[in-house]
Structure formats: structure tokens, C-alpha cells
Amino acid sequence: MTTAEKIHLTLPDGSVRDYAAGTTGMQVAESIGKGLAKAAVGIELDGAVQSLQLPIARSAKMKIYTRDTKEGLEVLRHSAAHVLADAVKRIRPRAKLWKGPPVDDPRYGFYYDIDFGNEPITQDDLPKLEALMHEIVQSDVPFVFESMAHDAARALMVKEAEDYKVATIDKLPAAEPITFYRSGAFVDMCRGPHVPSTGKIGQGIAVLALAGAYFGNDADNKMLTRIYGHAFPDKKAMDAHRHNLEEAGKRDHRRLGIDLDLFSTMGDLGAGLILWHPKGGFVRHKMEEFWRQEHLKGGYDIVYSPHIAKADLWQTSGHLDFYKDSMYSGIDIDGAEYRLKPMNCPFHVQIFKSRRRSYRELPFRWAELGTVYRYENQGSLHGLLRVRGFTQDDAHLFLREDQVEAEITRCLHFVIDMLKAFGFREYAMNLSTRPAKSVGSDESWAKATAALKKALEAVGLPFQIDEGGGAFYGPKIDVKIKDMLGRTWQCSTIQCDFNLPERFDMTYIDATGNKTRPVMVHRALLGSLERFFGVLVEHHAGAFPVWLAPVQAVLLTVGERHAEAAHRLQQDLRARGLRVEVDDSGEKIGQKVRVHLFQEKVPYVAVIGDQELAGGTVTVRARGEGDLGAMAMAAFGEMLERRDHDRT
């Protein structure tokens, strides 16, 4: 073998293996071990993921992805999307395909957007599609990669009547080759990567749901049908996911928002805007009340800012350069352009600049429940989880550089304590670094990133690096909370910023009497109240802990003669700040218990009948705990008070 024919592949353990140029990823996996070859689904060469079956032309750093890794699952799911499209074309030959990527979604693993024309598909067709996918997988036909010149690729897609693929090709440079994958008689324009054959996908696949999606994500274009599916390493994992989906359906905050009368959307109001009903509004009030109390105890000051500002402010901050697509159009006021605020940070900067500041005053910790407005594509709006107007539990810290690490560490502890109070115990941390589109010097970014990393290490929290995932003005720590179903939700964030102080020419007087730039930390504990509330509803399945519950207990009367005692007890408990209602209707006790404990998800019901009236007691049932038996009325009130103060 000559030097020219050799390639050197560096594996993750640092070892280097030599192979002939043109060796495939599968051949490399087989040379390492049969078990690895059986589990492998893709490779990475110098950071680029590639199909196992393709030849390796050059020396590179190489990783082999198995079906149980995040990257391996993406290859598996992308391949499953190809098989879904094949199944669709078998039952709807005239359907026109657009795209079918893997997605990072707790419910789904991939989708395919398709124009069905005059032959629409329905939910009843999904089991048939799934059965066809299993047949294609069992046939174990190879995925064959092909590359064509622009003109040849376009001619093929015209012949196949794939109008959306043709439109995509027309947007690509004429000199750029177009890639395809074939599996049997089916061919799809695709960059890949895919597993070596359909059989490698396995039986852990499912077709799950239908939705709508505009071609090109543009509301002016035609609405296509989006078919969602999933793929897992094996059938057991898929069955577990189906179970979780059923449970998630029961916990869906949009459904519970109606059932429990918490909030509503749409109507004449407009998409992505929320109406908080009295019960939901009360829960939000308790969230805000607790938030303010904890911030005041933590040395924060509460500030407020307007909903609009002159466009000049957003030009200086950089939002009009980097965030304009998510901002609403300008409003002409007295000949000047104003914008609805997408962020609160420039306002807090203006408060800092309102007078001269001294190093002795720092740090400043200013917190605001600030309502912001961001344009989201209508197709991406989802209940409370993605909206256009929301209240951010924002705070900005203005620091000396020597205070940064300690304050970020302090913020991390604050995040964890706050989330625990709402019942969240598991988290995943990401350290997101500089994106390609950003502002500021390499030096400032390096210092900010190092400060965040040191804080994470000081708190002892495991984290992953999200390369390029930072904000345009600085790196950040993103905290993803895990709910009762193991789903992760992005809520909390801590961002270190050396750049806005520079852009706004912020200074304080240091110990030597010179002007010095402060460092700015952007920080949200809950993220947005709307999104956090939606996650909270799903986490607790609408059964809020006692301290948050809009109604903490309902007193149930057996007959009319017990109503007076029930109302007296209600008055006494309400005087102690407890949220108690009386149900003195003529319904049977069993029906009352079912309505309040199980349908309305009230934490406690307490029955008052002849026996209770005579003994000065109530018979108590607790949500999730069952029958607690008889207890004195005073003892019942004391128990409610204890639970009202319990944040564990």
C-alpha cells in the first residue's frame, strides 16, 4: 500500500488506524468489533456526520455513532422519515414531497411535509402508513447514495412531478451537485445521512400525528400536511414512548386550561396572545408573589419599564441588526419610530445610566416581571409554550469584573432553589458558546465563557457544551427542567455580557477614580410566566400543590341542616388566608367528591354531616392520598396552613 492510498483515522480514544482510501464507515466498524458494527448507524468525520455505507476519502478525526446515541438516533430518525415518504407514495402516488428532517421534540422524532392535493390523508390512514413502514423495514433494502449535476437532478424531479423539490433545486447554486438516496424503487432528494439499509432502522417506529405547515414556513404559501413520526433503538423504547404520549395527552395544558378554566387563547384577541381566567390568574398571582418575595430576600430591587421605546434604543442594543425578524413593525409617534419591546435589558441599562455610579455601589441586582412582544410564525404557536406576548421574569446584574464568577454562582443556586419550590428536581445544563452572528471581541467572549464555566464547576452541576448556541451579545447557561414524564423544557437562563455595556457606553467610577465598564449578567429563573405555567400544569397534571392551588379545600355538606356550620368554618379558614369554598348543593356526597377532588383537582375535600356536626369535626379526603378520616375543625385548619407554607 503506497502512502497516497492510505488514510489515517483518529478515534475518540486518541488511537490512529490506517485504512485504504475508500474504506467505508461500516468496514471500519467491522474492523473494530462485530458488536460495534451491529449497533453502528453513522459516523462523524471532522465534525460532519456521514452515512456508514459511504467511502472515506481522506484522513480525519472519526467517531462511530450507535443507535442509542443522540447523533445515532438522528440518523435513525432521518432514515425513518425517508421510509415514511416511501410508504406515503405507495398509498398516494400523486402526493408531492417537500422535506422530512429529524427534530428535537419531546413528542416526535421526525416529520415529513407533503402536499396531498385532492387526495387528503386522515388520522385513520396513519395505522396503514405505519404498517407499510414496518414492511419496508423488514424488506431490508439498501439505502443507495447518488449525486447528480444540477440539471440532471432537476430533470429527475420534474419527471417525478415533485414540484417542491424542483423549487428547492432552483434556489441552489447551479454548480452545486444534488444528492439523493434510493431504497428499492423509491428515490428522494436528500443530503442524508441514512443507515445502510431499511432493516437497520428496526421495529421501534411509529406514525403518530397530523398537523399543518406552510411550504417554506411562509404563511403566504400553500398549507401542506405534516406527518409526525418517531423512531427509537427498539420496540420496547417505542412502546414506552407511546405510553408517555397517552399520559402527555391527559396532561396537555391546553386541554387542562379549558377543563380547569385557567386561560384561553385566540378568539377575537389574536394568535399567540393569552387571556388569564380567574383561577389561572390566581395561580399566576401566587407565582409572582413568591417570585417577588424571594428576590427581595435575595438582595434584588424591583424595577418597571415601558412596553415601547424609540427604535434608536434597539439600534444601539443591536436588536435591530440581530433580532429584527422577531420584532414587530415600527409605530410612528410624533414623527419618530417606536418599537414594542422584545427584551427588557436596554431599559435597565438606561436606569443604570441615569446617574453616575461608583464601584462601591456594585453589584446592582434589578428584577422585573416585564411583558415583551416577539413575532413568532403562526404555525409555531403552541398554547402557552410558544406565544407572541409574554411576561419574562427578568433580572439584570451590573457588576465589577471581580464579582462576576461569585454572582453567577449565586444565580445558579437561586435558579435551583426557585425551581425546587415549584416541584422540579431534575435538570440538564448547557453552556452555550459564541454563535457565528454575534458582536464583541474574542477576548470579552472568552472571559464571559470562562466565568460561566467556573460557576458551573463551583456549584458542581454537570453540563454540556452547546457550540454556537449563545446569544448575539454573550454566552449563556441554559437550564432545562425535567417534568414528571422525563421531558425537558428550556426555561431558566443566565447570560454573561461584556458587549451591551460597550454599545451603550456604560461606566462606573472605580477605586482609582477612573471610568470603567461594568459587566452585565442577564438572568431569568422561570423564563416566561406563560411558558413556565404551561410546563407547570403538565408537570402536575393540573393538580397544583396546596400553596399554588386556586381552591385549597371544599367543604361538602350532607344536607341543608349542615350548611350553616360549613359556612362558619369557611369564614374562619378564609380569615386565616386560606382558599376554601362550600358546596351545599343537593348532589350526593359521592358525586361532590368526584367533581371537586378528581375533576377540579382540589387538594382537599371535607365532609360535614350529622356525626361531624355533633363532634365538631370534618371527615377529610386528600387528592392523591385518599381518606384521612375525621379530624377536629381546628386541626383541619392547622393542616391547611402548614401545607400552604410548604414549598418542598
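These numbers come from the heavy atoms of this one structure, side chains and all, not from hydrogens, waters or symmetry mates.
For the pair L452 and T449, the minimum side-chain heavy-atom distance is 4.5 Å or more. Under the 4.5 Å side-chain criterion, counting only non-hydrogen atoms from C-beta, R388 is in contact with L381. You'll find the side chain of R67 stays beyond 4.5 Å of the side chain of L73, heavy atoms only. Two residues are said to be in side-chain contact when any heavy atoms from C-beta on lie closer than 4.5 Å; I43 and V28 fail this criterion.
For the pair D113 and R226, the salt-bridge criterion is met [side-chain N within less than 4.0 Å of a carboxylate O]. Classification of D478 and K480 as a salt-bridged pair fails, no side-chain N sitting under 4.0 Å from a carboxylate O. Under 4.0 Å is where a charged nitrogen must lie from a carboxylate oxygen, and between D466 and K476 no such pair does. Residues K70 and E74 are paired through a salt bridge, judged by an N-O separation under 4.0 Å between the basic side chain and the carboxylate. With respect to the salt-bridge test (charged N to carboxylate O, under 4.0 angstrom), the residues R284 and E530 qualify. Salt bridge R251/E247: present, at least one basic N to carboxylate O contact under 4.0 Å. A salt bridge does not link K96 with E162: none of the charged nitrogens is closer than 4.0 Å to a carboxylate oxygen.
Under the salt bridge (Lys or Arg N to Asp or Glu O under 4.0 Å) criterion, R374 pairs with no residue, sequence neighbours left out. Remark: Y65 pairs with no residue by the ring-ring contact (aromatic ring centres under 6.0 Å, His included) rule, at least two apart or across chains. Scanning for salt bridge (Lys or Arg N to Asp or Glu O under 4.0 Å) contacts around K200 gives an empty result, with sequence neighbours left out.
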Test log, rule side-chain contact (heavy atoms from CB on, under 4.5 Å), inputs F544 and V537: CA-CA 7 Å; F544 296 109; V537 169; 3.8 Å; yes

(message) I'd like to know whether D125 forms a salt bridge (charged side-chain N to carboxylate O under 4.0 Å, His left out) with R92, so could you lay out the CA-CA distance, the side-chain angles of the two residues, the decisive distance to 0.1 Å, and finally the verdict.
(response) CA-CA 11 Å; D125 293 307; R92 296 287 193 278; 3.6 Å; yes

| message | Let's go through F186 and D188 carefully: what are the C-alpha distance in whole Å and the side-chain angles of both, what is the deciding distance for side-chain contact (heavy atoms from CB on, under 4.5 Å) to 0.1 Å, and is it a yes or a no? | response | CA-CA 7 Å; F186 177 67; D188 193 14; 3.8 Å; yes

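Heavy-atom contacts from other residues, nucleotides or ligands closer than 6.0 Å to CZ of R94 number 12 or fewer. Heavy-atom neighbours of E457 CD from other residues, nucleotides or ligands within 6.0 Å: above the threshold of 12. Atom CG of D13 has more than 12 neighbouring heavy atoms from other residues, nucleotides or ligands inside a 6.0 Å radius. For M148, the CE atom counts as densely surrounded, since its 6.0 Å shell holds more than 12 non-hydrogen atoms of other residues, nucleotides or ligands. For D104, the CG atom sits in a loose shell: 12 or fewer heavy atoms of surrounding residues, nucleotides or ligands are nearer than 6.0 Å.
Checked against a 6.0 Å centroid threshold, the rings of Y112 and H82 do not count as neighbours. Side-chain rings of F533 and W276 approach one another, their centers coming within less than 6.0 Å.
A donor and an acceptor atom, one from each side chain of Y427 and T488, are nowhere located under 3.5 Å apart. Side chains of D140 and T198: no donor on one and acceptor on the other come within 3.5 Å. Donor-acceptor pairing under 3.5 Å is lacking for the side chains of S492 and R523. For Q203 and H134, the side-chain atoms include at least one donor-acceptor pair closer than 3.5 Å. Side-chain atoms of Q53 and T24 include no donor-acceptor pair closer than 3.5 Å. Looking only at atom types and distance, the side chain of Q495 has a donor-acceptor partner in the side chain of Y473 under 3.5 Å away. For the residue pair D115 / Y164, a side-chain donor-acceptor distance below 3.5 Å is found, with atom types taken as modelled.
Note: H319 and Y323 have perpendicular aromatic rings, judged against thresholds of 30 and 60 degrees for the angle between ring planes. Classified by interplanar angle (parallel below 30°, tilted 30° to 60°, perpendicular above 60°), the ring pair Y111/Y228 is perpendicular.
Considering all non-hydrogen atoms of both residues, A40 and A29 come closest at CB-CB, 4.4 Å.
The cationic group of R191 does not satisfy the cation-pi geometry with F145, failing either the under 6.0 Å distance to the six-membered ring centre or the 45° limit from the ring axis.
Atoms CE and CG, from M238 and L245 in turn, are 6.5 Å apart once rounded to the nearest 0.5 Å. Between the CG atom in L156 and the CD atom in E160 there is a gap of 5.5 Å [rounded to 0.5 Å].
Formation of a donor-acceptor pair under 3.5 Å by the H230 side chain with backbone atoms of A206 is not found in this model.
Between E538 and the options R254, R255, H253, a side-chain hydrogen bond (donor to acceptor under 3.5 Å, both in side chains) holds for only H253.
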